[in-house]
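All values reported here derive from a predicted model rather than from experimental measurement. Order of the sequence lines fixes the chain letters, A, B, ..., with proteins taken first and strands second; residue numbering starts at 1 for each chain.
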There are 2 protein chains.
Amino acid sequence: MDANKVAEQTERPPLDRNLQAPAFLAKSLSDENRLRILLCVRNRKKSVSGIVEELHLSQPLVSHHLKELRRALLVEVERNGPFVFYKLADGRVIEILRKLHELAQDLVTHRTGF
Amino acid sequence: MDANKVAEQTERPPLDRNLQAPAFLAKSLSDENRLRILLCVRNRKKSVSGIVEELHLSQPLVSHHLKELRRALLVEVERNGPFVFYKLADGRVIEILRKLHELAQDLVTHRTGF
DNA sequence: TCAGCGTATAAACGATTATTTATATTTAAG
DNA sequence: CTTAAATATAAATAATCGTTTATACGCTGA
């Protein structure tokens, strides 16, 4: 690993610019039903009706949330006959959700670890 | 590093339960002004008026967002005379923001890395 | 106690959003 | 071409949210 790679690991990206992008992604993750959908399609692609049955949500609601997740580029679409399959676009979303979950736990137990 | 620590790193927490907690945290991170405030108080504690001047936001708006961030346990409060100081409660929030920022960049450049 | 500063709250408003109900679009089969 | 199934869209509604304006609260010094 060269010096550039090392610098990439330790260097803190700006993050003061482009707050719009992380805020937008966070908004996509701010709804419990959308998170359920993301977890539902994280391993294998699922049809809309499959998601509907698995999560016990109405079909228009699932379609609406999928549209939102597609807008955020968090899911990818694939048509097959009359079915439309959705799958997670990037596994790092799940990692971020884990970190959010872990952080929430620690915050409530007041072990802020800071 | 002992076996427990290793297990902690690789073990996948449930995450299918308690989706409410990460969704709630994500909602706190879904507003650009709140993110600016979080970054503003990430290193040293800041008074409300300090934040107001630094971010060029109205005082009631800053107070409102601080109340929201307090509800999410993301900031801690400390009174000193007539001043009220706020500071970031847990540095991992910044890490999560970085990951969101990085993910957003990669998603738009279509290098999903998945 | 009064005045002034820092902060919090209330009320009001517009905008966005999650959800439901109803309808349209698309696809494949007969 | 017609029909049925899968999915998407539209319209409508209720709820939430971000912001502004105005006002109240709390602390400190005179």
Under 4.0 Å from any atom of DNA chain C, heavy atoms only: list the residues of residues 27-38 of chain A that qualify, in numerical order. A/Lys27, A/Asp31, A/Asn33, A/Arg34
Taking all heavy atoms of B/Leu25 and all of A/Leu100, pick out the closest pair and write down the distance. CD1-O, 3.5 Å
Would you give the length of the straight line joining atom CG of A/Asn18 to atom CD of B/Glu102, rounded to the nearest 0.5 angstrom? 13.0 Å
Just how far is it from atom CG of A/Leu29 to atom CG of A/Leu69, taken to the nearest 0.5 Å? 8.5 Å
Output the rounded distance in Å from CD1 (A/Ile51) to C1' (D/dT7). 12 Å
So, using side-chain hydrogen bond (donor to acceptor under 3.5 Å, both in side chains) as the criterion, who are the partners of B/Glu78 when residues are at least two apart? B/Lys45
Taking only residues two or more places apart in sequence or in another chain, which ones pass side-chain contact (heavy atoms from CB on, under 4.5 Å) with B/Leu73? A/Leu107, A/Val108
Under the side-chain contact (heavy atoms from CB on, under 4.5 Å) test, which residues partner A/Leu55, sequence neighbours left out? A/Arg36, A/Ile37, A/Cys40, A/Ile51, A/Leu57
Please list, in 5' to 3' order, the outermost nucleotides of DNA chain C lying under 4.0 Å from any heavy atom of chain B. C/dG6 to C/dT9
For the helix from C/dT1-D/dA30 to C/dG30-D/dC1, how many degrees between its two end axes (five pairs per end), to the nearest 10°? 10°
Which distance, rounded to the nearest 0.5 Å, do you find between the CD1 of B/Ile96 and the CZ of A/Arg98? 13.0 Å
Strictly below 4.0 Å, heavy-atom distances to any atom of DNA chain D: list the hits from residues 56-67 of chain B, or just say none. B/Ser58, B/Pro60, B/Leu61, B/His64, B/His65
Specify the closest pair of heavy atoms between A/Leu35 and B/Leu19, including all atoms of both residues, with the distance to one decimal. CD1-O, 3.8 Å
How would you list all residue pairs meeting side chain to side chain donor-acceptor pair (under 3.5 Å) that involve residues 53-62 of chain A, not counting sequence neighbours? A/Lys46-A/Glu54, A/Gln59-A/Ser63
Inspect the contact between B/Glu95 and B/Arg92 and indicate whether a charged nitrogen and a carboxylate oxygen are less than 4.0 angstrom apart. no
Atom pairs under 3.5 Å: protein N/O with N/O of nucleotides 25-30 of chain D:
none

Test question: given the 4.5 Å side-chain rule for I, L, V, M, F, W and Y, name all other residues clustered with B/Phe85, or answer none. B/Phe83
Describe the nucleic acid contact of B/Phe85 in one word from base, sugar-phosphate, nothing, applying a heavy-atom distance below 4.0 Å. nothing
Once side chain to side chain donor-acceptor pair (under 3.5 Å) is applied, what residue pairs with a partner in residues 19-28 of chain B remain, sequence neighbours excluded? none
Listed by chain and number, what are the side-chain contact (heavy atoms from CB on, under 4.5 Å) partners of A/Arg71, not counting sequence neighbours? A/Phe24, A/Glu68
